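Everything numeric here is computed off the predicted structure, so don't read it as measured data.
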Amino acid sequence: MARITEECVARIKDAADVVDLVGRFVQLRRAGNSWKACCPFHAEKTPSFHVNPARQTFHCFGCGVGGDAVKFVMMFENLDYPTALRRVADMYGVAVIEEEENPEAARMRRIRSRVVEANTLAADYFHKKLCRDRAADHVRAYLKKREFGIEIAKAWQLGWAPADFRELGQLAASRGIDERVLADAYLLGRGQRGLYPVFRDRLMFPICNVRGEVVGFSGRIMEEGQDPRKYVNTAETAAFRKGELLFGLYKATGPIAKAGMCVVVCEGQLDVIACHEKADIRNAVAGLGTAFTDDHAKILRKYAKKAILCYDGDNAGIKASEKTFRKLAAAGLEVYHAALPAGEDPDSLIRTQGAEALREAIAAARPYLEVRVELEKTQVKDDVNARAALIPRMADLAAEITDPNRRDVSIVDLATRLNTGLDELRASVNDIIRARKDAPPDYDQRRPAAPVAGPDYGEYPEESYGDFAEPEQPARPVVPIRLHPAIRGLISFAATNKDAQHLLTERIEELQEPIRALSGGVILQRLMEQLPEPGNTEAWQQFLVGLPPEQSAALRDMNNEAVPLNNVDVYVEQACSRAARDTVKATIDGLKSRIRSGNISPAEAMALMQECTELQKMLDA
């Protein structure tokens, strides 16, 4: 008889958000950190039916029924369990994968159970070695230096993996866990010379799923030069999938709900532990390794609506935060950024300035795009070209926000901060969104196979399978920046007529404001700097190749075939006048955006309104 695979059942349950699902059948109202309604399973006037997003469960305090999303569908639609699973799968677009009940399927389920059993045993062993073994003095000294005491080590079951694996191997054998199971759990790896222990002289962090099962480990080196890989993670096993696990989530689900459905996202395990134990910020989690995946974002979306990025306050941390912002925003979360001092991470900030400094930084977190654009502006300063190039970059980030209302609020704020036209920026964002819909999927879902253990121990090979390289991702589609009609006209004249080039060069000073204010002005600036000869195809191609892809793409329907003009001075005069008027209109648009933003005082708003009036008089004159 065909049955839905366990992996598919897990995917169905992961895809289903209990608040969203129950809300499709029952009108829910927020009640603190949960939702409530009148119970659909018995008659009542006072709501006693509660849905808990942190636990992903429902419960009626009146009649006592409760369960997860699948159980709700079973009861509400009077279905058996397999049918309810299929119903939920249809609701959330999960393909149902079935298998015949056979000895092989049962064997695979047993492998997973044995892997978890082996990991649980190893976690306890590693923890005892850290706490009791004199050979782990250097690991305890490291933790003490980082101000992680014994209570923290116990709370997170931190451990130490000695270089010699024989003791753990003998302990496992005494519990009926043989080498094959240890290899299935990736406590042993297989090299060219046989089996070897994966984790040797490393500080061990047990990795738990949301049910609290130990499904794998992350091990940190203790000495610089000991291994080029600072961290080694468990490879793919029957229980461990790095891209679908978040460190600390099993401890953070309740605190996330208590924090108003808000999660703090850090870069590493020690930062998460520091947040929980040193600063009482218990809604903190982290990915495993540097890559934050779509799956991570989808998992967090089940528990949180808002994410605060708390990454290192250096350039690398800022770059990493952009990747995470894209994933979280695309999953529908509101993304904020906690500005840490340069060179500080959450743990180091606590040690240097105290826990209150970190709590204040998180409390003062601002929307990610607001923080990012201000940072970028300080770096480009008065460079006209760099400031113009900043606009499409910010538009590309804003396009990641899936909620139309939040996205438009961000666009209005960006237009104000970038001093650019609101309508043009909004159109650019919409162009990017349309282009992405036609692009191929961002991620290759294929996964590398777990390594297979050999028959016996050999000398330790140099290679390790601890961290698989992230799959190469297709490049994002190139979305051309929008050319303001006035800028397009000026570019066309400069590209196709030598006399127009000369006249525009003489008027370059008065064109600086249009170049700065109108979309695509940076391309006109570069064209006026290089002045490729009209009619010279080779010179035109060299000019295009030297542009960033999104700028070059904006000119793909334009060539520089020489076009004679009888009254070239009249055409140039009209084009410059139009650009000047449109620049004033864009300035008015930007001022109105600032007024509507509500981020200024009444006196400032009055001054801006007066400025708008004066500029409008210039247009009407």
Are there more than 12 heavy atoms of other residues, nucleotides or ligands under 6.0 Å from atom [atom1] of [X]?
X	atom1	result
Arg29	CZ	no
Arg55	CZ	no
Arg175	CZ	no

Aromatic ring proximity [X]/[Y], centre distance under 6.0 Å:
X	Y	result
Phe41	Phe72	yes
Phe199	Phe165	no
Trp160	His127	no
Phe58	His50	no

*For Leu369 against Ala398, the heavy-atom pair lying closest together*: CD1-CA, 3.7 Å
*Exercise: identify the closest heavy-atom pair between Tyr303 and Met261*: O-CE, 3.2 Å
*Taking 4.0 angstrom as the limit, do Asp408 and Arg406 come out as a salt bridge?*
no
*Report yes or no: does Thr234 contribute a side-chain atom to a donor-acceptor pair with the main-chain N or O of Phe217 at less than 3.5 Å?*
yes
*Let me know which of Leu358, Asn283, Ile256 forms a side chain to side chain contact (heavy atoms under 4.5 Å, CB included) with Val264.*
Asn283
